K.L.:
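Encoded as structure tokens, here's the structure I'll be asking about.
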Number of protein chains: 2
Amino acid sequence: MLDSAIVLFRERGVAATSLRDVVAHSGAPRGSIYHHFPGGKQELASEATRRAGDSIARLFTRLVASADPAAAVDRLVDHWSGVLLDSDFASTCPVAAAALAPDDTDGARVAAGVAFEQWEDLLAGALRERGATPGEAADRAALVVSAIEGALLVSRARRTDAPLRAVGRELVRQLA
Amino acid sequence: MLDSAIVLFRERGVAATSLRDVVAHSGAPRGSIYHHFPGGKQELASEATRRAGDSIARLFTRLVASADPAAAVDRLVDHWSGVLLDSDFASTCPVAAAALAPDDTDGARVAAGVAFEQWEDLLAGALRERGATPGEAADRAALVVSAIEGALLVSRARRTDAPLRAVGRELVRQLA
DNA sequence: GGGCGGTTATGACGATCGTCATAGTCGTCG
DNA sequence: CGACGACTATGACGATCGTCATAACCGCCC
């Protein structure tokens, strides 16, 4: 059910996804939404965002552990490019969708903020291990996260992964 | 009316903004929506996005004409930081909101794509004038646009302009 | 086997959505 | 002055939204 919510949030955004869509997509029983999520849509959106954020954080962890930052960014760009192309530019980052959620689901917004902070901290830690000063590491980590999130947005709108790839090239050039 | 739509799209996103909200906010007569916008919400969202995109393109033009790229990015960051703080992190980029619009308003999405492309071209032109090769200029322009859009998203979610400022510092460092 | 708590089925509620039809107002031009 | 066009007021329509109440189901423990 949470996974279905994530899929739909990615494709349509939080506001445009109804609980009926979620249960229909997941095959879950409609009557039990408020049994598992007494807080209604707000709670479901928050937990889905938290789950998605954690999942991407694990991806970040794997990447920075297995390669230097520049190569990690490269693989990250490949990953998102594949997501965009496979979905015909319908699917974007679920956390970005949550970040732009309307007021009645602002729990998802704070979950998105937590996720972004977590990602930045992960990257900043890896950069510090490679000799960057704390200030540099924090700024560069913020740039990487923001640039990739923004590139996903721009690439979706333009229906080409060119912006994402360009951003990847520039980030790698700078991190190398 | 278009301006009211832009304001509301910025705060709530396209999907969560109803036509009734728009007319109420603008004071415009409700009965005349389909007189001025026969295409309904789709047309209104598309035109509003186009209008907003052009407005920001003019801002870009002014900035790159009056300063070198690094200083222009600096002023751009100041501008958006002011927008975020003044609105208590409610207002973001209207074109980003359009980029994540749901399927039934995908006209706004293509308008967002056009706007992004326009901004990138403007910046790339300025960078080429300063001696960058076309490839470099295009990649860097894409990075600037994506990074700032992403930073707005992240800053909204985290309710602090720190990510935006960090991204600004890194971009300036790189462009200098 | 009998009860019982956790889960599901079903459908209703008020609200709100996009859309549109119809009837009115109002300025302008002949 | 009268008619005609552009614009507005009002309210209805079907659909869909989030939410919840109520009744049925089902597996497990005594």
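A, B, ... follow the sequence lines: proteins, then strands. Residue 1 opens every chain. Predicted model only: the values in this text are computed from it and were never measured.
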K.L.:
Grab the CZ-C1' distance between B/Arg30 and C/dT22 for me, whole Å please.
P.N.:
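Rounding to the nearest Å, CZ of B/Arg30 and C1' of C/dT22 are 13 Å apart.
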K.L.:
Counting just side-chain N and O atoms, does B/Ser18 come under 4.0 Å of either OP1 or OP2 of C/dC17?
P.N.:
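Checking C/dC17 against B/Ser18, a side-chain N or O does come within under 4.0 Å of OP1 or OP2.
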K.L.:
The side chain of A/Ser32 lies closest to which of these nucleotides: C/dT19, D/dT8, C/dT8?
P.N.:
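Selected nucleotide: C/dT8.
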K.L.:
If only side-chain N and O atoms of A/His36 are considered, is one of them under 4.0 Å from the OP1 or OP2 phosphate oxygen of C/dG6?
P.N.:
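Negative; the distance criterion is not met.
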K.L.:
Indicate whether the side chain of A/Arg10 and that of A/Ser91 have a donor and an acceptor atom separated by less than 3.5 Å.
P.N.:
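A pair is found: one side chain offers a donor N or O, the other an acceptor, under 3.5 Å apart.
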K.L.:
When you measure from the side chain of A/Pro29, which nucleotide among C/dT8, D/dT10, C/dC17 comes out closest?
P.N.:
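For A/Pro29, the side-chain atoms sit closest to C/dT8.
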K.L.:
Nearest-Å distance, NE2 (B/His35) to P (D/dC7)?
P.N.:
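B/His35 atom NE2 is separated from D/dC7 atom P by 4 Å.
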K.L.:
For a quick check under 3.5 Å, do B/Asp161 and B/Ser81 share a side-chain donor-acceptor pair by atom type?
P.N.:
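Short answer, yes.
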K.L.:
How long is the line joining CD of B/Glu43 and P of C/dG18, in whole Å?
P.N.:
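Spelled out: CD on B/Glu43 to P on C/dG18 is 15 Å.
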K.L.:
Rounded to the Å, how far apart are A/Asp103 CG and D/dG18 P?
P.N.:
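Computing the A/Asp103:CG to D/dG18:P distance gives 16 Å.
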K.L.:
Starting at CG of A/Asp104 and ending at P of C/dC17, how long is that distance when rounded to a whole Å?
P.N.:
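Those two atoms, CG and P, are 11 Å apart.
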K.L.:
In whole angstrom, what separates B/Phe37's CZ from D/dC7's P?
P.N.:
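One finds 12 Å between P of D/dC7 and CZ of B/Phe37, rounded.
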K.L.:
Got a second to check how far B/Gln174's CD is from A/Arg140's CZ, nearest 0.5 Å?
P.N.:
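Going from CD on B/Gln174 over to CZ on A/Arg140, the span is 9.0 Å.
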K.L.:
Can you tell me how far C1' of D/dT10 sits from CZ of B/Arg20, to the nearest Å?
P.N.:
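In whole Å, D/dT10 C1' lies 12 Å from B/Arg20 CZ.
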K.L.:
Go through D/dA12, C/dC20, D/dA6 for me and flag the one nearest to the B/Tyr34 side chain.
P.N.:
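So the side chain of B/Tyr34 is nearest to C/dC20.
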K.L.:
Can you tell which of C/dG18, D/dT10, C/dG6 lies closest to the side chain of B/Leu19?
P.N.:
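So the nucleotide nearest the side chain must be C/dG18.
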K.L.:
Evaluate B/Arg12 against B/Thr17 for side-chain hydrogen bond (donor to acceptor under 3.5 Å, both in side chains), listing each step before the verdict.
P.N.:
CA-CA 6 Å; B/Arg12 322 180 185 180; B/Thr17 301; 5.0 Å; no
K.L.:
Just the rounded figure in Å: distance from C1' of C/dC20 to CD1 of B/Ile33.
P.N.:
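Spelled out: CD1 on B/Ile33 to C1' on C/dC20 is 11 Å.
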K.L.:
If I compare all heavy atoms of A/Ala151 with all of B/Ser146, which pair ends up nearest, and what's the gap?
P.N.:
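Taking A/Ala151 first and B/Ser146 second, the nearest heavy atoms are CA-OG, 3.3 Å.
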K.L.:
Please work out if A/Thr105 contacts a base, only the sugar-phosphate, or nothing of the nucleic acid, heavy-atom cut-off 4.0 Å.
P.N.:
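The answer is nothing, as A/Thr105 stays clear of every strand by at least 4.0 Å.
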